[in-house]
S.K.: 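Have a look at this one before I ask anything.
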Amino acid sequence: MSNKHLKNTNPYNPLPEDFFQQPTLKLAEALLGCLLINETEEGIASGYIVETEAYMGPEDRAAHSFGNRRTKRTEIMFSEAGVAYTYVMHTHCLVNVVSGPTDKPEAILIRAVEPVDGIELMKKRRNIEIPKNLTNGPGKLTKALGITMGDYGRHFTEPPLLLVKGITPQEISRGKRIGIDNSGEAKDYPWRFWITDNPFVSRHRKKD
DNA sequence: CTGACGATCCGCT
DNA sequence: GCGGATCGTCAGG
């Protein structure tokens with residue numbers, strides 16, 4: 001990948017080899033501040049991850065892999081950590097980082113990023129001008145970065161979809177996940193993480 | 001084949 | 001805060 005036109009991400013600092021091997025809840029926190037990059041024919045776009053949610057597999061009623069549910073869609077969750085699990089929600093594509101050991105179907109949903117490179121491209125893709133609204137939601141950031149179902153199963157350790165070292169969050173907050181109200185007790189688990197006070201976090205709950 | 005269901009977004013109140 | 005849009009996936013007949 002050419003770094004020529006990147007103003008904030010040159011050079012890339014690769015993540016340590018074992019970065020994706022840590023336990024899912026730790027990884028969900030460690031992903032905050034990492035730079036998510038995607039390269040397409042249209043160009044390069046990237047953003048710092050500012051909000052994540054952990055989905056803990058068989059015991060988590062909110063997870064697609066609850067009860068070890070294994071279908072064509074969830075299959076990739078059963079593979080090695082560090083690959084992309086993309087799926088379509090209504091009209092939007094959402095992206096997860098697969099985590100946990102092989103055959104343990106855990107994943108981390110990327111809920112929001114802070115735009116870094118390719119902001120003009122993001123505006124064009126999202127068809128809006130306001131920077132704050134470009135990537136402050138899981139469906140918004142995939143559209144802004146050009147992430148699609150074609151990225152299903154790709155490794156985050158190599159282009160075109162890449163995760164590299166970014167910034168170190170000053171403070172991290174933790175609370176309940178969003179949009180899973182029909183999942184029994186699982187809806188109250190504090191498995192959502194975000195960079196405290198970051199303006200690109202998708203939304204705030206009254207009670208966390 | 002059919003229908004039910006969302007890990008959402010957007011516009012409007 | 002609320003409701004409609006809108007569509008791929010999955011399970012059941």
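The sequence lines fix the lettering, A, B, ..., with proteins before strands; numbering per chain opens at 1. Hydrogens, waters and symmetry mates are skipped; everything else that's a heavy atom, side chains included, is used. For clarity, every value in this text was computed on a predicted model and none was experimentally measured.
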S.K.: Linking I/L/V/M/F/W/Y whenever their side-chain heavy atoms sit closer than 4.5 Å, directly or via other members, would A:Leu121 and A:Ile128 fall into one cluster?
M.R.: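 No: no chain of side-chain contacts under 4.5 Å links A:Leu121 to A:Ile128.
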S.K.: Compare side-chain N and O positions of A:Arg69 against OP1 and OP2 of C:dA11 and report whether any pair is under 4.0 Å apart.
M.R.: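 So the side-chain polar atoms of A:Arg69 do come within 4.0 Å of the phosphate oxygens OP1 or OP2 of C:dA11, strictly under.
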S.K.: Let me spell it out: for each of A:Asn182 and A:Leu141, pick the nucleotide of DNA chain B with the closest heavy atom. Which residue's pick is nearer the 5' end?
M.R.: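 Its nearest nucleotide being more 5', the pick is A:Asn182.
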S.K.: Please state how far atom CE in A:Met89 lies from atom C1' in C:dT6, giving the value in whole angstrom units.
M.R.: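 That distance rounds to 11 Å.
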S.K.: Rounded to whole angstrom units, what separation is found between the CD1 atom of A:Ile130 and the C1' atom of B:dC10?
M.R.: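 So the CD1-C1' distance, A:Ile130 to B:dC10, works out to 13 Å.
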S.K.: Closest approach to the side chain of A:Lys140, judged atom by atom: which nucleotide of B:dA7, B:dC10, C:dG8 is it?
M.R.: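 The closest nucleotide is B:dC10.
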S.K.: To the side chain of A:His90, which of B:dA7, C:dT9, C:dA5 is closest?
M.R.: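 So the side chain of A:His90 is nearest to C:dA5.
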S.K.: Report yes if at least one side-chain N or O of A:Arg192 is closer than 4.0 Å to OP1 or OP2 of B:dA7; otherwise report no.
M.R.: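 So the side chain of A:Arg192 is outside the cut-off, no N or O lying under 4.0 Å from OP1 or OP2 of B:dA7.
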S.K.: Salt bridge check: are A:Asp181 and A:Lys187 linked by an N-O gap of less than 4.0 Å?
M.R.: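 No salt bridge links A:Asp181 with A:Lys187.
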S.K.: I need the CG-P distance between A:Asp181 and B:dA7, as an integer number of Å.
M.R.: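 So the CG-P distance, A:Asp181 to B:dA7, works out to 10 Å.
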S.K.: Could A:Glu53 and A:Arg111 be called an ion pair, given the rule that one side-chain N must be under 4.0 Å from one carboxylate O?
M.R.: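 Counted as a salt bridge, because a side-chain N and a carboxylate O are separated by less than 4.0 Å.
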S.K.: Whole angstroms only, please: what is the CZ-P distance between A:Arg70 and C:dT9?
M.R.: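 That distance rounds to 18 Å.
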S.K.: Applying side chain to side chain donor-acceptor pair (under 3.5 Å), can you list everything that pairs with A:Thr157, at least two apart in sequence or on another chain?
M.R.: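 In terms of side chain to side chain donor-acceptor pair (under 3.5 Å), with neighbours along the sequence ignored, A:Thr157 is linked to no residue.
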S.K.: Between A:Asn136 and A:Lys132, is any side-chain donor less than 3.5 angstrom from a side-chain acceptor?
M.R.: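 No, because no side-chain N or O of A:Asn136 sits under 3.5 Å from a partner of the opposite role on A:Lys132.
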S.K.: Given atom CD of A:Glu106 and atom C1' of B:dA7, what is their separation to the nearest angstrom?
M.R.: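 The distance from CD of A:Glu106 to C1' of B:dA7 comes to 16 Å, rounded to the nearest Å.
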S.K.: Can you tell me which nucleotide in B:dA7, C:dT9, B:dG6 comes closest to the side chain of A:Arg73?
M.R.: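 Among B:dA7, C:dT9, B:dG6, the one nearest the side chain of A:Arg73 is C:dT9.
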S.K.: By nearest heavy atom, map A:Thr91 and A:Thr74 onto DNA chain C; which one lands nearer the 5' end?
M.R.: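 Nearer the 5' end of the strand: A:Thr91.
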S.K.: What integer distance in Å separates A:Asn96:CG from B:dA7:C1'?
M.R.: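 That distance rounds to 8 Å.
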S.K.: Side chains of A:Thr74 and A:Ser65 only: does a donor on one sit below 3.5 Å from an acceptor on the other?
M.R.: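 No, A:Ser65 and A:Thr74 have no side-chain donor paired with an acceptor closer than 3.5 Å.
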S.K.: What is the separation between atom NE2 on A:His92 and atom C1' on C:dT6, rounded to the nearest whole Å?
M.R.: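 Taking NE2 of A:His92 and C1' of C:dT6, I get 9 Å after rounding.
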S.K.: With clusters defined by side-chain heavy atoms of hydrophobic residues (ILVMFWY) lying less than 4.5 Å apart, directly or transitively, does A:Phe19 cluster with A:Val97?
M.R.: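 As far as the 4.5 Å side-chain criterion goes, A:Phe19 and A:Val97 are connected within one cluster.
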S.K.: What pairs of donor and acceptor atoms, side-chain ones from residues 80-89 of chain A against any protein atom, are under 3.5 angstrom apart with sequence neighbours left out?
M.R.:
residue, atom, partner, partner atom, Å
A:Tyr85, OH, A:His64, ND1, 2.8
A:Thr86, OG1, A:Tyr152, N, 3.4

S.K.: For A:Tyr55 and B:dA7, say yes or no: do the ring centres fall under 5.5 Å of each other while the ring planes differ by less than 30°?
M.R.: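 Stacked: centres under 5.5 Å apart, planes under 30°.
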S.K.: Identify the stems formed by DNA chain C, where each pair is Watson-Crick or G-U wobble with both distances under 3.5 angstrom and a stem is at least 3 consecutive pairs.
M.R.: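 Stems (3+ consecutive pairs) listed as B:1-6 with C:7-12, B:8-12 with C:1-5.
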S.K.: How many Å lie between OH on A:Tyr87 and C1' on B:dG6, as a whole number?
M.R.: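 After rounding, the reported distance stands at 8 Å.
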S.K.: Looking at the side chain of A:Leu94, which of C:dC7, C:dA11, B:dA7 is the nearest nucleotide?
M.R.: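 Shortest atom-to-atom distance from the side chain points to B:dA7.
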S.K.: Which nucleotide, C:dC10, B:dC10, B:dA7, lies nearest any side-chain atom of A:Arg126?
M.R.: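 Comparing C:dC10, B:dC10, B:dA7 against the side chain of A:Arg126, the answer is B:dC10.
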S.K.: Of the nucleotides B:dC9, C:dA11, B:dA7, which one has an atom closest to the side chain of A:Thr71?
M.R.: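 Within the option list, the nearest is C:dA11.
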